[in-house]
Q: 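One structure follows; several queries about it will come next.
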Amino acid sequence: MPNTHPCKLVVIIAEEALEGPLAKDVMALGAHGYTVSDVRGCGSHGMRSGVWDADSSIRMEILCDADTSLAITRHVEDAYFRNYAMVTYVADVGVLRPEKFVR
Amino acid sequence: MPNTHPCKLVVIIAEEALEGPLAKDVMALGAHGYTVSDVRGCGSHGMRSGVWDADSSIRMEILCDADTSLAITRHVEDAYFRNYAMVTYVADVGVLRPEKFVR
Amino acid sequence: MPNTHPCKLVVIIAEEALEGPLAKDVMALGAHGYTVSDVRGCGSHGMRSGVWDADSSIRMEILCDADTSLAITRHVEDAYFRNYAMVTYVADVGVLRPEKFVR
Amino acid sequence: MDAIPFFFLLGFVARLARSDLKLPGQLYEALSIYLLLAIGLKGGMELAKQDPLQVLPQALAVLALGAAIPLVAFPILRRLGRFDRYNAAAIAGHYGSVSVVTFAVGVDYLTARSIPYEAYLPLFLVLLEMPGIVVGILLARLGGEGGKVRWGPLLHEIFLGKSMVLLAGGLIIGWVAGPKGLVPLEPFFFTLFKGVLCLFLLEMGLVAAGQAGALRTSGAFLVGFALAMPVIGATLGSVLGVAIGLSLGGTLLLATLAASASYIAAPAAMRIAVPEANPGLSITAALVITFPFNILLGIPLYERIAGFIHGS
Amino acid sequence: MDAIPFFFLLGFVARLARSDLKLPGQLYEALSIYLLLAIGLKGGMELAKQDPLQVLPQALAVLALGAAIPLVAFPILRRLGRFDRYNAAAIAGHYGSVSVVTFAVGVDYLTARSIPYEAYLPLFLVLLEMPGIVVGILLARLGGEGGKVRWGPLLHEIFLGKSMVLLAGGLIIGWVAGPKGLVPLEPFFFTLFKGVLCLFLLEMGLVAAGQAGALRTSGAFLVGFALAMPVIGATLGSVLGVAIGLSLGGTLLLATLAASASYIAAPAAMRIAVPEANPGLSITAALVITFPFNILLGIPLYERIAGFIHGS
Amino acid sequence: MDAIPFFFLLGFVARLARSDLKLPGQLYEALSIYLLLAIGLKGGMELAKQDPLQVLPQALAVLALGAAIPLVAFPILRRLGRFDRYNAAAIAGHYGSVSVVTFAVGVDYLTARSIPYEAYLPLFLVLLEMPGIVVGILLARLGGEGGKVRWGPLLHEIFLGKSMVLLAGGLIIGWVAGPKGLVPLEPFFFTLFKGVLCLFLLEMGLVAAGQAGALRTSGAFLVGFALAMPVIGATLGSVLGVAIGLSLGGTLLLATLAASASYIAAPAAMRIAVPEANPGLSITAALVITFPFNILLGIPLYERIAGFIHGS
Ligand SMILES: Nc1ncnc2c1ncn2[C@@H]1O[C@H](COP(=O)(O)O)[C@@H](O)[C@H]1O
Ligand SMILES: Nc1ncnc2c1ncn2[C@@H]1O[C@H](COP(=O)(O)O)[C@@H](O)[C@H]1O
Ligand SMILES: Nc1ncnc2c1ncn2[C@@H]1O[C@H](COP(=O)(O)O)[C@@H](O)[C@H]1O
Ligand code: NA
Ligand code: NA
Ligand code: NA
């Protein structure tokens, strides 16, 4: 019998400059937490090799309920997609202790 | 025709102090491997900014079969949830070379 | 109403020596981008603790359409599985701005 | 021969030849923290020997210079370069601010030639860090359709950005501790300085060459601008240096500061305050063209300019 | 004026003002590895000049001091502070162990004032690293419902923890190599020491201020404890220092060690051995209050205490 | 006593005892960048004092030595060790190339004993970096079923690999800048060298012990080979050293180079060029056995060998 409960996982890969603003935004939109790591990569804005500040990217993952995931992805779309190098995806996962992640 | 086979992906985000114990545990519970990265983040135990030892977190991901994933999540629940900052989720993925991941 | 569109997420965990070749390959096979982070871990080739070059691993994730994901996993299987420490898995996710990821 | 510029060239050539050499990201950060602190400390220590009332008018004039440079650059970029308001303003802001490493190479140039200069010049470096950026942002925001500058986060970014805190913090510590208090820190912060600078220049070479690909898309005008603007800046800096009574060495350093363009503080601030601007343009100009131009050819040229204006 | 405490203040103020300045995580680790090794080497080198039979009784007394301090702290935390057994024991263990950087600032204080001290005092630092932690864990485990201490992993954590290996390893290498063998290592490990210490203190200021938010929830008692306990510790340390015949400088250093609380070895060990304790409480006390108190105000105060006890 | 080998032992023992001590990955990289650059600079500086025409024939002979060593090692591994073509070739290539840190320990050995040597020997280190690797790859590829060496990426890996760029780049900068140009870089690159080397050896000890588990599966033959091959290499190196007219110290250093096996450049190149080979085997041999053997016992032994051949 599985001990996990359905939950959304939102992953945002973006310029390092957005780490602070994104952290603030996702918490304000109802997330109860987030996890960030340093990454490098390549996309439509070219190579981001992560060696120095302006060239570094972060990967933020947020476990949250469906409504919050919708709010986060909509906000990110509106506020940042036009001007920043970033991609966002959402996955269905199962979490333990679901009460930690619902609004 | 897809070349992947169903598999579970267990992700554990936890205090850095647990990296050693968790690695031992998941192998003992039947996993054949794991992957770890350094992360920072925020949750019910507050900010963990990853600048110094007591403030650092890790993200461990384990590909395994359903039974092992259940064993791992149950063990983690019992052994660590009460006293440590951590979250755990499970996703369904498709792996190549499935024989690498079943018990 | 969800704002995401189905997409494949291919994750490759491999020896650091393969970062360059893999990046080249996935772009040649039709991906429009990729994201890389440094990881450590353990598997059938033993412990890879990430302290020095020969002992380091990377985790590459690629958002792409189903055909590309098939092409990537097949290529990786043929070109690298026999001789290198690596694992690969594929997940179904939902992306914003799907046009960024289709061939 | 002076070894310093060769480290930049080594990095530049290695990356162009697609060597896999790369300095770890955290080493880059560590080196830049060290350089900023060390320059601040040095300047503060020298400032402690100075009469503040004598330096004050000079400081005000230098602040004005920082604000003036983007006002010169902006119309050039807008009219001649046909950049949109955002990109013109962002690039102008980068040239209004300064490059710490260019300054350090300038100091090294003077030291190697035993040309004296006012030792408190790092103070001017600190002062020039921000006004150019503020003016750049104003140029982007005022008069445009938006016009709504969110000053709170902006001033925060400017005054509490990494480089400002380290430079100004070092300056204040150096000033409070004074030459005697800094004696035990000398081996670490001063004796090693030039070696660390070499390592940093190696990294800058790698980074600059890594961005060089953007040259293809940036257009010939930007290249021309990134070569001409430093000379304009250096001339303005020289004139001001002479006007406020600096020595030849001090004038050259002020010219070098005015000629340099920021690639640490400015990109970070612009990314938040003027996100509409394409960061690739400013960075290509400031880092790929102006920076190497300054450290390889510019400084000797500015010595002539400063000498000429000083003499006349 | 001595520059060292200002670096801590710079970091502290920068973080409180929410500057984005942060030292890379691996730099923090690298600096702490350097400091631990360098202190160990220094102590070992001086130990090589000593008669072991003379130092041995002193060493035993110092070990006892480390075990005694948590026994003093525990009832205060339990009775007056009304902490549960686990938290009281964990906090007591932190104060039984020591802070390497506080020790280094104490040495710097003496050096700046040319006050002599027994140069082998780093040995006592190594000896004080662990007994306090062991006693803290025993206090948590014995008499409680559990009572089952898993000694294997615990002793491993204590004797083979990072700081112990570097301090003790450095001590042994310094002792074996002796002053002559260390001459070629002097520029790196000794001459640069104070500069590296400054950088580390900058980081400590950032970290401490980053944890300061926890003060709001930690309660007034903990703040009072974190101010009073160092003074109690310093008094005990001074009494012992005089009793075992240390000089005034040596007594001050032993007092400083006793006053200091661990924030490297103890948190790591407690997290594994007493997971029921809230690490936020110990770290707030040890790092946010006691550490700045010691380096800014404590050490001069302990000089008086040590002087008073020495004189009487 | 010389402190340097103790740092290796400290790391080795700490890891065997399963201490959690570990140097941050980027520190390891930073230290190796520093060491490679510093050795290159030193060699280049000394080369600037030399007559190139005199060094040229020596250099050619040294290149030939690098190519010869894998040709000696390969049949031993293939016939006696019964390794397959790929593994035999890869291991042989590691022994054809060199270990920078072993060289540095050798230099330290001479310096501590005031034995003079040709100061331009780092040039030979640079020259020995690659031919062994190339020959190793040829041994794997030619005559095998594949036979198709993709020379483009391979030569790229060899000539533009990290260690080659830093060593050769440092050499050229040192040569161009000359002794006078390097004076301001001395405190950073030369005075600190030995301290940094100690830190690196600590790390090497940790890494080597971390790989020691592989010994169990690697078989006794490999252990024997990893002990015998350095002695064979040292003998070849000594003979060549005498033949090309090196001093005793220079002969010892060339012997040490020939005895050493690469664990930076070779593993990276082999992983791309001979992926069929199991990297665990080469690394166990080169790093877990040969490296400690060389720095702890080998160098004094090679002094005798070199002395014997020199005398005869
Ligand atoms: N198809 C993709 N798969 C994975 N990561 C991507 C992809 N496209 C972009 N990224 C990541 O997102 C960053 C910004 O993307 P872009 O805005 O397309 O330049 C890149 O630097 C990559 O790290
Ligand atoms: N909702 C969430 N989404 C993603 N990561 C989380 C979330 N909540 C907590 N975490 C991560 O798990 C760590 C421990 O969580 P917690 O026990 O809630 O403090 C945090 O520091 C985060 O890195
Ligand atoms: N079951 C697993 N779950 C997660 N990561 C794994 C697993 N097996 C292997 N890995 C990762 O893939 C790398 C290479 O695996 P292997 O080829 O099995 O040695 C390891 O070092 C791990 O980082
Ligand atoms: Na400027
Ligand atoms: Na104490
Ligand atoms: Na060799």
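Given the structure is predicted, the values throughout are model-derived calculations rather than measurements. Proteins get letters first, then strands, A, B, ... in listed order; numbering begins at 1 in each.
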Q: If you round to the nearest 0.5 Å, how far is OH of E:Y263 from CG of B:D53?
A: 11.5 Å
Q: Would you mind checking which part of B:E16 comes under 4.5 Å of any heavy atom in chain E, side chain (CB onward), backbone (N, CA, C, O), both or neither?
A: neither
Q: Under a 4.5 Å heavy-atom cut-off, does chain E meet the side chain of B:D38, its backbone, both or neither?
A: neither
Q: Who wins among E:N278, E:L206, E:I264, E:V207 for the most heavy-atom pairs under 4.5 Å with chain B?
A: E:V207
Q: Which bit of B:A17 is near chain E, if near means a heavy-atom gap under 4.5 Å: side chain, backbone, both or neither?
A: both
Q: Answer with side chain, backbone, both or neither: which region of B:R82 has an atom nearer than 4.5 Å to a non-hydrogen atom of chain E?
A: neither
Q: Relative to chain B, which segment of E:Q26 carries a heavy atom at a distance below 4.5 Å: side chain, backbone, both, or neither?
A: neither
Q: Identify the two heavy atoms, one from B:P21 and one from E:I272, that lie closest to each other, and give their separation to 0.1 Å.
A: CG-CD1, 4.4 Å
Q: At a heavy-atom separation under 4.5 Å, does E:P279 approach chain B through its side chain, its backbone, both, or neither?
A: neither
Q: Is any side-chain heavy atom of E:R271 less than 4.5 Å from a side-chain heavy atom of B:Y84?
A: yes
Q: I need the B:W52 CH2 to E:L23 CG distance, nearest 0.5 Å.
A: 14.5 Å
